[in-house]
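Worksheet for the structure shown next.
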Amino acid sequence: MALLAGATRATWRGEALMGIPLAAMSAPVAMAFAQFAGLPPTTGLYALIIPGIVFAFFAATGRLTAAPDAVVVALIAATLTPLARPGTAHYAELAAAQALVAAAAYAVIAVFRLSRMTVLLPRPLLIGFSAAVALDLLVREIAEMFGIRLARTVTDAAADGFPQHAGTLVARLDTANVWAIAVAAGALVVLLVGRRIARRLPWELAVYLAGFASYRVFELAGHDVATVGHVGGGRPSFGVPLLTAGDWLALVPGAVVIAFAAFALHHHEDPGYQPASARDGIVYGLASAASGVSGGVTIGPSPARRARLDELRSRSQLPTLVAALLILVGVVFGGGFLGDLPTPAFGAIAAVATWPLLRLREARTLWRVSKGEFLLALLVFAATLAFGPLWGLALAAALGLLRLLLAASAPPLDVIDADGRPIASLRAGAPPPRATAPGIVIVRLAAPMNATTAGALARGIRFVSDDAGPGIRHLVLDGEAITGIDATGAAVLRRALAELADRGISVDYCRARAVLRVDLEHHGLLGGSRVFRTCREALDELG
């Protein structure tokens with residue numbers, strides 16, 4: 001079993017059995033997400049079959065997941081709706097083609113390591129964004145459970161946003177179907193109580209069987225309880241969508257946005273906060289390409305699937321492979337069975353999978369540890385609900401950039417002692433600094449030196465040379481935490497050093513790495529300055 005990440009001879013049987021509950025959960029969730037995006041439910045299933053097989057064989061670790069998940073599907077709908085009407089054949093072709101373009105975007109981002117730009121979507125802002133997307137989906141799932149139709153067709157609902165969905169749900173609560181509520185309640189009891197009893201059993205499959213039986217025994221069709229409808233489409237067919245050059249170009253911006261959002265999800269999904277490697281990005285690209293040529297949609301990391309696998313305690317890709325094969329069998333031979341599932345039970349399964357995406361526990365923790373970050377997340381949450389996922393994501397990126405700029409404008413800047421411990425801050429508003437030793441000040445900047453941080457350093461140097469006491473003759477710049485110097489930062493620092501020279505204050509360096517020393521020489525900042533191995537050596541030599 002070495003072909004699959006995480007699978008071993010000792011665990012493969014148990015891991016293979018985990019594919020059953022994974023398939024039972026993934027299939028209805030993917031169908032629901034596809035419908036919410038204005039696509040046939042079969043499209044969601046196709047995005048789990050060939051892509052799941054490809055991903056299982058090429059993923060580097062068992063922790064990775066790939067599926068059409070809430071955030072990715074919401075962005076698919078938001079970027080494709082301006083190009084075609086949801087529910088049409090052209091819309092479905094665009095969705096498949098977008099998966100191919102996104103595959104190229106994944107590869108480019110991975111190869112050129114552009115995933116580092118996901119720093120613009122820090123975890124608190126991503127929590128607010130994904131929670132808003134999940135809430136919109138939950139409203140639609142609750143409507144399914146209540147037997148309430150939010151629009152004349154699923155296609156019309158896909159084109160609406162949260163305000164329309166929530167308003168319609170509230171306005172039509174008096175039309176709720178009691179039979180639908182009973183079916184949904186029964187499904188929720190089976191899922192929630194069953195998982196408490198035995199998390200590893202496929203309770204979603206029990207809901208399938210119970211829903212299928214109850215629909216016939218209680219003749220729910222006569223009580224206006226709807227079913228998912230026709231799902232069968234045979235095995236996935238392969239081919240590249242035939243679109244014009246203009247259509248392909250129009251798909252590029254949306255595909256790039258989805259790829260970056262997926263990398264941000266990947267970055268924050270694992271508690272270890274491991275950034276995506278080049279291989280991870282390429283594997284996501286391969287899976288999306290497989291989805292595009294087999295009638296699916298763009299796929300990315302799936303927190304819902306990861307949550308279910310964590311419940312099952314799976315650490316390999318074997319459940320993903322088994323689930324893909326089971327779903328293939330279901331589509332080819334059991335499409336009618338899947339289509340006969342009552343929509344209230346269908347909505348209940350999707351709601352249970354969507355609920356953790358609200359991230360309520362993380363939001364409470366964020367409120368407790370940082371109310372400022374919580375309020376930023378709340379702002380992104382509200383904007384996403386009010387204006388849609390694209391505007392919400394844009395606001396999150398803008399706030400993330402603003403945070404970076406504010407942090408860069410006030411980098412850690414301190415006077416340190418001989419052992420490198422801070423003894424005074426040089427930030428604006430800090431108390432007057434003191435010298436490291438009589439006549440000597442050692443200053444540490446903990447940031448790369450660019451225009452912003454060099455400006456802060458220059459202001460700190462003036463501050464300490466003016467206020468650290470009379471008789472300052474030497475300033476030593478500690479280079480341990482300076483990771484690089486760009487041209488603009490060098491120009492700013494050069495002017496600050498010239499001012500010190502005019503005042504008769506010498507400038508030297510300590511603990512400068514070889515790379516930093518090369519930068520200092522390259523930008524003409526070394527001159528006659530000395531570079532000491534340690535801060536204590538600088539004090540001994542200059543004291």
Report the C-alpha distance between L357 and V133 in whole Å, list the side-chain angles of each, state the deciding distance to 0.1 Å, and finish with yes or no for side chain to side chain contact (heavy atoms under 4.5 Å, CB included). CA-CA 9 Å; L357 304 183; V133 170; over 6 Å; no
Kindly indicate, with the supporting measurements, whether the criterion side chain to side chain contact (heavy atoms under 4.5 Å, CB included) is fulfilled by V415 and R434. CA-CA 8 Å; V415 175; R434 58 191 179 93; 5.9 Å; no
Going through the checks in order, is the side chain to side chain contact (heavy atoms under 4.5 Å, CB included) test met by L100 and L251? CA-CA 10 Å; L100 295 174; L251 295 171; over 6 Å; no
Would R308 and E204 count as a side chain to side chain contact (heavy atoms under 4.5 Å, CB included) here? Give the steps. CA-CA 12 Å; R308 187 65 175 120; E204 294 87 356; 3.6 Å; yes
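Rounding to the nearest 0.5 angstrom, the gap separating the CG atom in L399 from the CG atom in L404 is 11.0 Å. In this structure, CG on L309 lies 5.0 Å from CG on L22, to the nearest 0.5 angstrom. With rounding to the nearest 0.5 Å, the separation of CZ in R123 from CZ in R359 is 6.0 Å. To the nearest 0.5 angstrom, R364 atom CZ is 10.5 Å from F374 atom CZ. Expressed to the nearest 0.5 Å, how far CZ of F129 lies from CG of L121 amounts to 8.5 Å. Atom-to-atom distance recorded for R494:CZ and I485:CD1 is 10.0 Å, nearest 0.5 angstrom.
The two residues F260 and T118 come nearest to each other via the heavy atoms O-CG2, 3.8 Å. Closest approach of T354 to A350, counting heavy atoms only: OG1-O, 2.7 Å. Of all non-hydrogen atoms in R513 and G479, the two that sit nearest each other are NH1-O, 4.4 Å. Pairing each heavy atom of A16 with each of V322, the nearest pair is O-CG1, 3.5 Å. The two residues M449 and L445 make their nearest non-hydrogen contact at CE-CD2, 4.1 Å. Heavy-atom minimum distance, I76 versus T298: CD1-O, 3.8 Å.
Within the 3.5 Å criterion, the main-chain N or O of P412 finds no donor-acceptor partner in the side chain of R444. With D419 contributing its side chain and R421 its backbone, the two residues share no donor-acceptor pair below 3.5 Å. Using a distance-only test at 3.5 Å, with no hydrogens or angles considered, no donor-acceptor pair links the side chain of W248 to the main chain of A97. With S288 contributing its side chain and G285 its backbone, the two residues share no donor-acceptor pair below 3.5 Å. Q317 places a side-chain N or O within 3.5 Å of a backbone atom of T61 that can act as its donor or acceptor partner. A donor-acceptor contact shorter than 3.5 Å is absent between the side chain of S291 and the backbone of A287. Proximity of a side-chain donor or acceptor of T320 to a complementary backbone N or O of G52 within less than 3.5 Å is not detected. For T436 (side chain) and I416 (main-chain N/O), a donor-acceptor pair under 3.5 Å exists by modelled atom type. Remark: the backbone N or O of A23 is not paired with any side-chain donor or acceptor of S26 at under 3.5 angstrom. Judged by distance alone, the side chain of T365 and the main-chain N or O of R361 form a donor-acceptor pair under 3.5 Å.
No side-chain heavy atom of H523 sits under 4.5 Å from any side-chain heavy atom of L493. In this structure the side chain of R199 never reaches within 4.5 angstrom of the side chain of R313, judged on heavy atoms. Between L413 and R459, the closest side-chain pair of non-hydrogen atoms is not below 4.5 Å. Residues L393 and V380 have side chains not in contact (no heavy-atom distance under 4.5 Å, counting atoms from C-beta outward). Under the 4.5 Å side-chain criterion, counting only non-hydrogen atoms from C-beta, E141 is in contact with F36. L4 has its side chain out of reach of S316: every pair of non-hydrogen atoms, C-beta onward, lies at least 4.5 Å apart. At a threshold of 4.5 Å between non-hydrogen side-chain atoms, the residues V283 and L64 do not count as touching. Two residues are said to be in side-chain contact when any heavy atoms from C-beta on lie closer than 4.5 Å; L539 and I442 meet this criterion.
Applying side-chain contact (heavy atoms from CB on, under 4.5 Å) to L265 and the options T65, D69, V71 leaves one that passes, V71. With V476 as the fixed residue, the side-chain contact (heavy atoms from CB on, under 4.5 Å) test singles out one of L542, V443, V441: L542.
Note on R511 versus E537: no salt bridge recorded, every NZ/NE/NH1/NH2 to OD/OE distance being 4.0 Å or above. Ion pair R403/E373 flagged as a salt bridge, since at least one NZ, NE, NH1 or NH2 atom sits closer than 4.0 Å to an Asp/Glu carboxylate oxygen. By the 4.0 Å N-to-carboxylate-O rule, R63 lies close enough to D310 to be salt-bridged with it.
Of the N and O atoms on the side chains of D136 and H165, at least one donor lies less than 3.5 Å from an acceptor on the other residue.
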